[in-house]
Amino acid sequence: MQQIKIFKAVEAEITTLEAEVNAWLAESGVNVVNVFGNIAPQSKPDGGKAGLGGSRFDPSDVLLVVVYEK
């Protein structure tokens with residue numbers, strides 16, 4: 001039976017997300033059927049004033065879904 005595992009993070013933490021997914025794959029020993037995801041850009045609700053990093057945009061939300069079989 002196929003199941004899913006959902007991972008989420010923000011764009012600024014993409015390296016941490018990658019490490020989390022790779023660790024889960026190594027620990028679980030599952031058979032991966034498919035991997036897909038989405039990145040959703042965020043805009044500042046305050047009219048685009050720059051934040052600490054100087055960017056007009058907040059880090060994007062990242063969603064990664066792994067379809068697997070045990």
Does the cation-pi check pass for Lys70 over Tyr68, that is, NZ or CZ under 6.0 Å from the six-membered ring centre and within 45° of its axis?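 That pair does not qualify as a cation-pi contact.
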Step-by-step side chain to side chain contact (heavy atoms under 4.5 Å, CB included) determination, Val62 to Val10: CA-CA 5 Å; Val62 177; Val10 292; over 6 Å; no
Would you compute the distance between atom CG of Leu17 and atom CG of Leu63 and round it to the nearest 0.5 angstrom?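 Those atoms lie 9.5 Å apart.
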What's the spacing between Glu13 CD and Glu20 CD if we round to 0.5 Å?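 Glu13 CD to Glu20 CD: 10.0 Å, rounded to 0.5 Å.
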Is there a path of hydrophobic side-chain contacts, each under 4.5 Å between heavy atoms, that joins Trp24 and Ile4?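 Per the 4.5 Å side-chain linkage, Trp24 and Ile4 are not co-clustered.
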Hey, quick one: are Val33 and Leu64 part of the same hydrophobic cluster, counting side-chain heavy atoms closer than 4.5 Å, chains of contacts allowed?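 No, Val33 does not connect to Leu64 through the hydrophobic network.
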Testing the basics here: between Pro59 and Ala12, what is the closest heavy-atom pair and its distance to 0.1 Å?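 Nearest heavy atoms, Pro59 then Ala12: CB-N, 4.1 Å.
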Going by heavy atoms in the side chains, are Val67 and Phe36 under 4.5 Å from each other?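 Yes, at least one pair of side-chain atoms sits under 4.5 Å.
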